[in-house]
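Step one of this worksheet: look at the structure below.
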Number of protein chains: 2
Amino acid sequence: MRHSGICAVLTASELQRLAQSARHTRHDAGAPLLFENSAITSYANVVEGVVKLSRVLRDGKQQLVGLQFAPDLLGRLFGDENLLNVEAASDVDLCRVPRNVLEELVASSTELKQRLLDQSLQDLDDARDWMVTLGRKDAQQRVASLLLLIAKRSGADAADTGTSFDLPLSRSDMADFLGLTIETVSRQISKLRHEGVIEVANHRRVTVPDMARLAHRAG
Amino acid sequence: MRHSGICAVLTASELQRLAQSARHTRHDAGAPLLFENSAITSYANVVEGVVKLSRVLRDGKQQLVGLQFAPDLLGRLFGDENLLNVEAASDVDLCRVPRNVLEELVASSTELKQRLLDQSLQDLDDARDWMVTLGRKDAQQRVASLLLLIAKRSGADAADTGTSFDLPLSRSDMADFLGLTIETVSRQISKLRHEGVIEVANHRRVTVPDMARLAHRAG
DNA sequence: CGCAGGTTTGAATGTCGTCAAACCAAGTGG
DNA sequence: CCACTTGGTTTGACGACATTCAAACCTGCG
């Protein structure tokens, strides 16, 4: 899930145009950012933290369909309807831009349009990658895949003792992303821990001594 | 999965430019159209039939990540690497266009670029929809979801007796798309048949007396 | 300290996968 | 025309893995 944020795709003059109307906002973990089927009134850049995109079935079950790390762009361009629930997974900093301003910019910049196309194609690739995970991997491989994804995208610091990072998701969120139950996620994490593939502190801080070994578990 | 094909997004003069280099090709069911990781040398429009996009795990398991019905566009724009296996699911007619010609057109037409962005966003929505199916639905709901999808996209003819269509996929392909095994797919189809939700002739021709009832089974 | 939320662990249940056999439709050759 | 083959599909018996239900366990906080 490597996206380029708004800032990365704008020229200096465009950025200036944007700065006039952009506003920073802060949100606590769990805060809803948009509701399913609501009209989109603004777009946003993820400045800090992780945002989760989800859909819910009629029976109440939930499935996360995407995670947005900084500096990803948030919000679906040119769609009138938002098909997703958008929530802060961790504490989040956003840089909001009114919809019409951004679309104005997009209309005037063919370069920008090109970059947005690239990004949506990247998102599509990511979504299809995850379809493989959901359709063909067992619980162990799914959990390993998620840890790998998080390690890659949240600036995990590498040391001699291994790579460390904080989980931006609760067990419940992880389960909803992996198509599993909380209990199964917990069991698989415990298994990886007992086998020395990962170390866990306070249920949230993860250390990976050997990334290749984790990758191997991911299938 | 509602895409607009090339033809739908081009002006008359652009179509003319395209006609000079476009070539029609025919492929039998099962024929490979592109290989994973191969450089893309051309793009194509699906004129007739259904094309399947898939990825394979190291252990040989396969997962379909998309289906392309006429008149969808085939091939990933602006990516140098093709991450997918592309095969004819049924007998297929393609309209091929050399890569450079299409990208030339895209570069010159901001309207075209816009439409391609729309399409990739639609594909992304579709992929995320299917993530919900793979992550949160049981076998029965998955099979019903697929039948519903095929009914919608392959021009199913509606009559007083119900809606009828041919399955463009083998049981094996269906299993790979649904994240199930052949046997489970077969069992669920039999179940739907015994319960009168669908009728099946020759293992391929499906009739749905009451679409709403099928939709209800899809979750 | 004691409560509350989230997490871990355990035992029992159920769904789907695996293995294996029967079935069906279409095509080939005697 | 019928026996035989072949590939795909269906059905059955069994086992494995994930879910469910329930209880114990941490960690942070009043």
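Sequence lines set the chain letters: A, B, ... in the order given, protein chains first and strands last, and positions in each chain run from 1.
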When the distance from [atom1] of [X] to [atom2] of [N] is rounded to whole Å, what number comes out?
| X | N | atom1 | atom2 | answer |
| --- | --- | --- | --- | --- |
| A:L180 | C:dT7 | CG | C1' | 16 Å |
| B:I198 | D:dT10 | CD1 | P | 10 Å |
| B:M174 | D:dT9 | CE | P | 9 Å |
| B:K191 | C:dT15 | NZ | P | 9 Å |
| A:K61 | D:dT19 | NZ | P | 10 Å |
| A:K137 | D:dC17 | NZ | C1' | 18 Å |
| A:L178 | D:dA18 | CG | P | 12 Å |
| A:R142 | D:dC17 | CZ | P | 14 Å |

A:V206 vs A:D166 side-chain heavy atoms within contact, under 4.5 Å: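 In short, these two side chains do not touch, never coming nearer than 4.5 Å.
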Under 3.5 Å, is there any donor-acceptor pair linking the side chain of [X] to the base of [N]?
| X | N | result |
| --- | --- | --- |
| B:E183 | C:dC19 | yes |
| B:R171 | D:dT11 | no |
| B:Q188 | C:dC16 | no |
| B:R187 | D:dG12 | yes |
| A:R193 | C:dT7 | no |

[N] phosphate, OP1 or OP2, under 4.0 Å from [X] side-chain N/O:
| X | N | value |
| --- | --- | --- |
| A:T181 | D:dT19 | yes |
| A:N202 | D:dG28 | yes |
| B:S190 | D:dT11 | yes |

Sugar-phosphate only, base, or nothing, as touched by A:I189 at under 4.0 Å among non-hydrogen atoms: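 The residue A:I189 makes no contact with any strand.
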Touch class at under 4.0 angstrom, heavy-atom based, for A:G179 against every strand present: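 Sugar-phosphate, backbone atoms only, no base.
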Ionic contact status for A:R171 with A:D176, cut-off 4.0 Å: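 A:R171 and A:D176: not salt-bridged.
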Check: B:Q122/B:D118 side-chain N/O donor and acceptor closer than 3.5 Å: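 The criterion, which ignores hydrogens and geometry beyond distance, is not satisfied for B:D118 and B:Q122.
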Name of the residue among A:L53, A:D72, A:L169, A:D173 meeting side chain to side chain contact (heavy atoms under 4.5 Å, CB included) with A:L67: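 When A:L53, A:D72, A:L169, A:D173 are each tested with A:L67, the side chain to side chain contact (heavy atoms under 4.5 Å, CB included) holds only for A:L169.
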Chi angles and distances behind the side-chain contact (heavy atoms from CB on, under 4.5 Å) call for A:L147, A:I198: CA-CA 10 Å; A:L147 293 178; A:I198 60 174; 4.1 Å; yes
Selected nucleotide, minimal atom distance to A:I182 side chain, candidates C:dT8, C:dG17, D:dA18: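 For A:I182, the side-chain atoms sit closest to C:dT8.
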Nucleotide of D:dT9, C:dT8, C:dC16 approaching A:H203 most closely (side-chain heavy atoms):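 The listed nucleotide nearest to A:H203's side chain is C:dT8.
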